[in-house]
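Read through the structure below, which is laid out as structure tokens, and then see the notes.
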Number of protein chains: 2
Amino acid sequence: MASTGKQVLVTLRKQIADGILKGGQRLAEIPTAESLGVSRMPVRMAFKALEQEGFLTKAGRGYTVRETSPEDITGAIEVRGVLEGLAARQAVERGLDPNVLPTLKQCLRDGDALFVKGHLTDDDFGSYHDMNCLFHDTIVNASHNPAIAEALARNQHLPFASVKALAVDPNQPEREFRRFYYAHLQHHSIVDALERGQSARAEGLMREHANTTLNYADEEQQNERSRRIRRKTSS
Amino acid sequence: MASTGKQVLVTLRKQIADGILKGGQRLAEIPTAESLGVSRMPVRMAFKALEQEGFLTKAGRGYTVRETSPEDITGAIEVRGVLEGLAARQAVERGLDPNVLPTLKQCLRDGDALFVKGHLTDDDFGSYHDMNCLFHDTIVNASHNPAIAEALARNQHLPFASVKALAVDPNQPEREFRRFYYAHLQHHSIVDALERGQSARAEGLMREHANTTLNYADEEQQNERSRRIRRKTSS
DNA sequence: TTGTATTTAATTGGATCCAATAACCGTTGG
DNA sequence: CCAACGGTTATTGGATCCAATTAAATACAA
């Protein structure tokens, strides 16, 4: 039983993330309040919060759902790369807390156990997702630089840009397997660099690791683009 | 005649930035609303916005003014370095817009004109500040990556961390002159790298350029620390 | 004397009301 | 026929009211 305001906030956020509220669409307080069955007040609060989070932009009277171009997404992933790279470097330079390496190595073992079978089930993707979040969060926290986490929080919102929002294409299981396996091998290299105190190497690896997501997002763009073209030619 | 809500927001923001509202201080809606002579509603809105901006943190009932440690500031400046470094690199890699280099070179000429005298007046510091903001904004915008500007906007709030908030120590004019002159020489190197298409060099220079501020903040910390020690020993 | 539980008070969050402003449409004048 | 001005309408922003939750204080029991 979360409070009404939080409920409205997460509902709207999910509707935007899921594309139910399309980019560019105008949002007024009264209709959304009525459709959610609440008063205008929590909606006002949620709109303000969503504006700060970058989901909505104030357009004269009312708000419009922000439209994210593919360039926005690739740019945000690039930002995530340099920020997580900075986190890895600073984590090494400050000296790792004693619990960091054990946690990361457990992540590596968990990932290894997933990949030995040679294929990934839906549950495996979920497990990988959890492990991946823990891995990245651990490194970001190990930097002891709260500004990094704050700056990253801004990017979490864009689809594909966040660590938490890794999408899986169910039609290409073997390609997805290779993609995640490659990412996991990068995790191994990153831990190796952290363990050896190679801060610059850790930073570079972490940047490239974000680029792995970037390449995938690019392919998604390609698919989307070709799909659009196909649609256009077929009409 | 700005709207009441905005007025409350900027007032509270300024009071926090100026230290009138000290770090760790608890803020309740009713007292602040009464002290500002408005109703509770704009204060609620402002509190929510200030929480999103990182000025306030929700502490059970009500909010507390966030206290920024020196480590927070150095960390934020480090973040600014990698973000502006990324901006410089991407600006080169995407190809500079035709108006970027002329704008930057005008900044260099304006700076050169300030430093030829060998000393800086108060007006000169103001001119340098404006030129400096234009220089950095131009590079960030030249990256055509809106995620960078958004991530940077988060850091603007912390004192010393932002480009816009460069402090000048009036007691050490010649030291300040050397500091700004060094920063300006870095500007020259950065423009040189941009012009030659040396993206990695531009990135590294931009990072180091933020570090110049960082060193100053460190000295501020040292001063503050020694001041505190002096106070402690004298008591 | 200390810890826990209950009660009370205060503060926050939600709803409704009212005013102010901005957008849209119609009409009129050039 | 187009543009500009005025009116009307709808939507946002501010204020007040009410309920719910939480924190603090006091009292009671161990």
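So that the names make sense, note that chain A is the first sequence line, chain B the second, and so on, each numbered from 1.
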>> Tell me if the side-chain of Arg44(B) makes a donor-acceptor pair with the base of dG14(D), cut-off 3.5 Å, by modelled atom types.
In response: no
> For the pair made of CE in Met45(A) and C1' in dT12(D), what is the distance, rounded to whole Å?
Replying inline: 15 Å
> Rounded to the Å, how far apart are Tyr63(B) OH and dG13(C) P?
Replying inline: 6 Å
>> Show, in sequence, the C-alpha distance, side-chain angles and deciding distance for His144(B) and Gln90(B), and conclude whether the side chain to side chain donor-acceptor pair (under 3.5 Å) test is met.
In response: CA-CA 8 Å; His144(B) 287 216; Gln90(B) 287 195 321; over 6 Å; no
>> Would the distance check show the side chain of Arg94(A) and the main-chain N or O of Ser143(A) forming a donor-acceptor pair, the cut-off being under 3.5 Å?
In response: yes
>> Rounded to whole Å, please give me the gap between CE in Met41(A) and C1' in dC17(C).
In response: 10 Å
> Mapping Ala28(A) and Ser39(B) onto DNA chain D by nearest heavy atom, which one lands closer to the 5' end?
Replying inline: Ala28(A)
> Taking CZ from Arg40(A) and P from dC17(C), how many angstroms apart are they, rounded to a whole number?
Replying inline: 12 Å
> For the pair made of NZ in Lys58(A) and C1' in dT12(D), what is the distance, rounded to whole Å?
Replying inline: 10 Å
> Starting at CZ of Arg61(A) and ending at P of dA10(D), how long is that distance when rounded to a whole Å?
Replying inline: 12 Å
> Nearest-Å distance, CD1 (Ile30(A)) to C1' (dA22(C))?
Replying inline: 14 Å
> Aromatic rings His187(A) and Phe135(A): how do their planes relate, parallel, tilted or perpendicular, breaks at 30° and 60°?
Replying inline: parallel
> Hey, what's the ring geometry for Tyr63(A) with Phe47(A), parallel, tilted or perpendicular (30° and 60° as the breaks)?
Replying inline: perpendicular
>> Tell me the interatomic distance from Lys6(B), atom NZ, to dA20(C), atom P, rounded to whole angstroms.
In response: 20 Å
